Enquirer: 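I have a structure I would like to understand better, so I am pasting it below and will then ask my questions one at a time.
Below, chain A is the first sequence line, B the second, and so on; all start at residue 1. The structure presented is a predicted model; accordingly, all values stated were derived computationally and were not measured.
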Amino acid sequence: MNLQVHLGNLTLSNPIILASGTAGYGREIAPYLDLDRVGAFTLKGLSSTPWVGNPPPRIHETYAGIMNSIGLENKGFDRFFREDLPFLENFQTKIIANIWGKTIEEYSDIAKKMNGLERIDAIEVNVSCPNIEQGGESFSSNGQVLCQLIQNLRQKIQKPLIVKLGPNTDDLNNVLQFMEKEGVDILSVTNTFPALAIDVENQSYIFSRKTAGLSGPAIKPLALKLVYDVIQRTRLPIIGMGGIMKTEDALEYFLIGAQAVALGSVNLIDPSAAVQIIEGIKTYLVQKNIFDINDLIGKVR
Amino acid sequence: MNLQVHLGNLTLSNPIILASGTAGYGREIAPYLDLDRVGAFTLKGLSSTPWVGNPPPRIHETYAGIMNSIGLENKGFDRFFREDLPFLENFQTKIIANIWGKTIEEYSDIAKKMNGLERIDAIEVNVSCPNIEQGGESFSSNGQVLCQLIQNLRQKIQKPLIVKLGPNTDDLNNVLQFMEKEGVDILSVTNTFPALAIDVENQSYIFSRKTAGLSGPAIKPLALKLVYDVIQRTRLPIIGMGGIMKTEDALEYFLIGAQAVALGSVNLIDPSAAVQIIEGIKTYLVQKNIFDINDLIGKVR
Amino acid sequence: MKRAKIVQKRFLGTSFVELWLEEKDIAHLASPGQFVMVTTGSSYDPFLKRPLGILACQENQFGLLFEIVGRGTQILSQLEIGDQVDLLGPLGNGFSLNPKEALLIGGGRGFVPLYFLAQIFINKKVPFQFFFGIRSQEEKVLIEYLSQLPIPLVISCQEEFSGFYCGTVLDAFENWRQQHSLSKSAPKIYACGPQGMFQTLAKMDDIIPNQIEVSLESRMGCGYGVCLSCAVKKKGLPGYFHVCKDGPVFRLGEIEL
Amino acid sequence: MKRAKIVQKRFLGTSFVELWLEEKDIAHLASPGQFVMVTTGSSYDPFLKRPLGILACQENQFGLLFEIVGRGTQILSQLEIGDQVDLLGPLGNGFSLNPKEALLIGGGRGFVPLYFLAQIFINKKVPFQFFFGIRSQEEKVLIEYLSQLPIPLVISCQEEFSGFYCGTVLDAFENWRQQHSLSKSAPKIYACGPQGMFQTLAKMDDIIPNQIEVSLESRMGCGYGVCLSCAVKKKGLPGYFHVCKDGPVFRLGEIEL
Ligand SMILES: Cc1cc2nc3c(=O)[nH]c(=O)nc-3n(C[C@H](O)[C@H](O)[C@H](O)COP(=O)(O)OP(=O)(O)OC[C@H]3O[C@@H](n4cnc5c(N)ncnc54)[C@H](O)[C@@H]3O)c2cc1C
Ligand SMILES: Cc1cc2nc3c(=O)[nH]c(=O)nc-3n(C[C@H](O)[C@H](O)[C@H](O)COP(=O)(O)OP(=O)(O)OC[C@H]3O[C@@H](n4cnc5c(N)ncnc54)[C@H](O)[C@@H]3O)c2cc1C
Ligand SMILES: Cc1cc2nc3c(=O)[nH]c(=O)nc-3n(C[C@H](O)[C@H](O)[C@H](O)COP(=O)(O)O)c2cc1C
Ligand SMILES: Cc1cc2nc3c(=O)[nH]c(=O)nc-3n(C[C@H](O)[C@H](O)[C@H](O)COP(=O)(O)O)c2cc1C
Ligand code: FES
Ligand code: FES
């Protein structure tokens, strides 16, 4: 049976990836999951310098979902380099660095640093981050700025470049065209959905920043639709994600054409979910008499 | 205690409305719920002539949500007039007619008919309908067409005019401005979210039209965000809806500024939910020492 | 909405469960072919209630018998005696109850409404024959279950195993028809089973689809007529019936399968 | 992930539940102050696991004791003996276990990790005093529960009712301090309770917040350090600790309340 997939020049031993922000920097989840079993492991989003993130509460449970407002807290490149990178040298699994910045310059900076690390196999750019030069709106809310950012990063990054889109990308068609032209290698779809929650007891917003990102099972049918929409408009390979809990959820993404999928929120409630899903996919392929997972990808047209 | 709310020139005895498509034409839900207890009752979407709707399956369960592809099946105005209107004469509750068409002309037609009925208190225009003159895209996916439609209908409708938006309204800011200028009375936000589901067993789309509309608890944090976004941009009164299951959900909508809320999917699993929610709101107001529900509306800024 | 307490529970094999619930109104009003919508719990995942046919009624109690096929029925199978469930019902239109003579044809879990019907016919002394087919030995428990009723049973199984006719229930029915000359006023046929069974039945010789009553399954949102989810195509006419309101019992001739 | 079977269950009054679960590893490894993340069922609504402190361990079993405050704990309270739950643990860093002398201060359900600690101290023959405060008579069941241990207890209740000191647990503690001259090597203080209790404690006279160990609650996504939800502000430093990894036991002086 073949589970190997090629996303442009990035080859994964199987198409199950751990999504950024839901598996730490590796050490935290390693006691529960053999990292070499997954196709790739995405690091929690890193910026060049440490970032403290948002005040609590940072998480709120909704019907079959969670809203998070972690605010991109991270230890910064240097501490990652010292504290976590050595641990990651023990594994063969592909490692994707997820990066962000508050300015194009900050993005460039972390991109260059990550690009220089041998252990990092690909770089995923989170573009759903507040752009302080544009008054705090997300980079993805302005197609032109987004294209600028991507062009800039492509020059700095020789490793496979993954752009991670959110649900409200401005001017999506043009941005997709631009990315193909500039040589972006892979797209990740999708980041969390902007959402709101009110504390009715205290008559206030739950989160200090009012809105927060919705993820988990609740969003699956919406994320799947988004991935589908993007697939219709580009030939770039896609890592699909959003609400995957079980084998069947992952299969839905493959069937509409995602070359790989990432697991996010499910890791919070079951750190070994990835292995069960990989095993579930094997069982399904056997049942359906399919030898190569690539024959499944995009089968539903 | 006062639960009466005024949405422009439409006055409701309480701010709980039954959403279109989830309570039939009244007779179906009446055995389970005293229609005079709710602030208003919205009829299943009607067109001028009968419409058969989509082939089955028409409903699919997702994590804490449902996708529906009813395809706007309805008996048409004439049968409604004969079979259901007489029954509705037995009630005092406000009745909102939900209307749609495949062309502006079809919309006009049903609008005029509904406008002529004394028992109908307001007319809600569902603009998330396929526009056959524009190749089947929804009316709300083209801001200009949408404005045209609204202008046309405003001329035909003397009753309070409600426009029901979906999550992907094109050019929202301009459309909102236009609606204020044209004298739209109320907005309903939101219709279902476009979503996708795959049958992994049969390797096919679940629905014959591929996509279908997601509703229910899963969408609540997204719908609340959408209502919030619209409230920031208009002074029109708003009927908020999306995923309301319990009193607390309704209160979230009031607190961010919705003047009324509508219950949709919850009616499917509990036809008397509205009464429990109304009672729950009363209890909450007593606890919080609030005499008038209007003092709650928009309290969280 | 009604609240009923589970007063009896029993597994039949590993994939069928019989539950008895206490709810006076349903127990007194229900008629064979009608169903209830049962919640799967207080969570919103799964969200919808599940339609289940009524198996029998006794005093203030009614029975359900279901197959565990997915998440909802799995959760229902974990209910215990003493637990309470929310439900709506009795819903839909049942079978006609006054034939001169009747033939009941049930496939798998489709025997549930026919079991109820058979009890009524026993009481009313309507002569009838019950054809019951199972796919495999695993469903043998259903045969044992059905054998509790003092009725003439013709059993078939699609897997070969001792004692029973080997084939589909319609094969068995056809076989029986050839051996018995039907009375002049041909007996009324009632059927419930998988889609394929209805399709084959409609095409059999000497069958008048409009005289056959069938009980359909379909995906349901509400079960009481508001959501229009449960569409089944009308035969020879534009548009759809709605299984929960117009059915679940239809004449075989009026629906497109 | 671990799977544990419920082997004992008991309601304390109407809003507290004691559960005993069989899971060898947790029972053998857990230390006072550590916690487990427990699923509320197989549904995704509610979605997250719930953090609960470990009450005690015995052979292959460990105990939990929780207050029913919302949906998750409501569901957990419905678990029955024989049911299985998925969980992660033992998680976090517990209390230091080798003081010369100790004072334990618990408010409401906050007594749980201290109960475990007290048992260890009894075994290790560490002298200690246990201060326990409840808000109202309804929590009296907890006093009875705690009285099972052969320990010196000072009880307080914010509602007046016979026999106990009337006031907060810190009032009772202050009162006791004034009556007893503390030994030269002042006893180590361990505390667990609501936020307000910690805030007051930090401001009391002759208290060195950095020598007090407190066990915090916070909203948790994962409980094992990946999601960064459980942030609590560092005192005098930029940034946050993470309760699940850096705690839940902290020195009172290092956190902003
Ligand atoms: C009027 C009526 C009466 C019924 N009476 C009985 C009964 O007495 N005993 C009994 O065992 N079952 C009965 N059923 C069927 C029963 O409702 C379904 O098996 C049940 O809803 C499945 O729920 P689930 O969550 O376990 O399965 P799901 O996880 O929802 O689905 C499991 C599988 O069944 C398919 N499926 C689900 N619902 C339906 C449906 N309504 N129609 C066709 N395919 C479906 C799904 O696609 C999937 O492949 C009846 C159905 C109707 C409409
Ligand atoms: C390390 C740790 C150990 C704990 N040990 C125990 C224990 O031994 N016994 C016990 O009874 N409880 C303990 N708790 C608290 C327990 O986790 C919560 O009471 C529980 O998660 C609430 O879940 P729910 O679904 O019932 O409530 P929800 O419906 O989630 O919430 C009910 C109310 O509590 C608030 N809330 C929810 N979670 C938290 C939280 N983590 N912190 C503050 N407020 C919250 C909500 O805003 C709401 O007002 C512990 C918490 C932590 C972090
Ligand atoms: C707690 C949490 C933290 C996250 N942090 C990041 C992050 O640092 N960078 C990023 O690109 N996405 C981040 N995400 C988004 C996830 O990677 C993923 O895109 C999203 O959660 C949707 O997938 P899911 O529904 O499976 O969780 C985070 C999500 C969660 C729940
Ligand atoms: C089965 C079903 C049928 C619906 N039919 C209509 C309709 O005819 N017209 C309309 O404007 N909205 C229709 N809706 C949308 C609802 O009125 C409501 O806007 C949406 O379901 C969101 O609310 P909810 O999450 O509470 O269900 C329908 C929704 C459902 C679930
Ligand atoms: S199931 Fe809703 S109308 Fe039949
Ligand atoms: S709860 Fe996830 S990091 Fe602490």
Enquirer: Please walk me through it: do Thr62(A) and Lys220(B) pass side-chain contact (heavy atoms from CB on, under 4.5 Å)?
Expert: CA-CA 8 Å; Thr62(A) 67; Lys220(B) 196 199 64 180; 6.0 Å; no
Enquirer: Counting heavy-atom pairs under 4.5 Å with chain A, which one of Lys210(B), Gln203(B), Lys299(B) comes out on top?
Expert: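 Looking at each option in turn, the highest pair count goes to Gln203(B).
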Enquirer: Could you have a look at Ile256(A), Ile219(A), Asp249(A) and say which one has the most heavy-atom pairs with chain B under 4.5 angstrom?
Expert: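 Of the candidates given, the most pairs with chain B belong to Asp249(A).
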Enquirer: Taking the side chain as every heavy atom from C-beta outward, state whether Thr211(A) and Lys225(B) have any atom pair closer than 4.5 Å.
Expert: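 In contact.
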Enquirer: Counting only non-hydrogen atoms closer than 4.5 Å, does Leu224(A) touch chain B with its backbone (N, CA, C, O), its side chain (CB onward), both, or neither?
Expert: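 Contact with chain B involves both backbone and side-chain atoms of Leu224(A).
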Enquirer: Heavy-atom pairs under 4.5 Å with chain A are the metric here; pick the option from Ala212(B), Ala64(B), Pro221(B) that has the most.
Expert: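 Top option by heavy-atom pairs under 4.5 Å: Pro221(B).
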Enquirer: Go through the atoms of Leu251(B) and report whether side chain, backbone, both or neither lie under 4.5 Å from a heavy atom of chain A.
Expert: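 Both parts, backbone and side chain.
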Enquirer: Can you tell me if Arg209(B) has over 12 outside heavy atoms packed within less than 6.0 Å of its CZ?
Expert: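 No, because the 6.0 Å sphere around CZ of Arg209(B) holds 12 heavy atoms or fewer from other groups.
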Enquirer: To the nearest 0.5 Å, what is the distance between OH (Tyr228(A)) and CD1 (Ile198(B))?
Expert: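 The distance works out to 8.5 Å.
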Enquirer: Applying a criterion of heavy atom separation less than 4.5 Å, what residues of residues 258-293 of chain A form contacts with chain B?
Expert: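 Contacts with chain B: Tyr284(A), Lys288(A), Ile290(A).
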Enquirer: Looking only at heavy atoms, which two atoms of Ala195(B) and Leu222(A) are closest? And how far apart?
Expert: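 Minimum heavy-atom contact is CB-CD2, 4.0 Å.
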Enquirer: Given heavy-atom pairs under 4.5 angstrom as the criterion, report whether the side chain, backbone, both or neither of Ser204(A) touches chain B.
Expert: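 Only the backbone of Ser204(A) comes within 4.5 Å of chain B.
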Enquirer: Does the side chain of Glu252(B) come within less than 4.5 Å of Val200(A)'s, by heavy atoms?
Expert: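 The answer is yes, as the side chains (C-beta and beyond) meet within the 4.5 Å cut-off.
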Enquirer: Any heavy-atom pair between the side chains of Leu226(B) and Leu196(A) that's under 4.5 Å?
Expert: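 A side-chain contact under 4.5 Å is absent here.
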Enquirer: Among the options Arg301(B), Glu248(B), Met245(B), pick out the one with the most heavy-atom pairs lying under 4.5 Å from chain A.
Expert: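 The answer is Arg301(B).
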Enquirer: Where does Leu214(B) contact chain A at under 4.5 Å (heavy atoms): side chain, backbone, both or neither?
Expert: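 Only the side chain of Leu214(B) comes within 4.5 Å of chain A.
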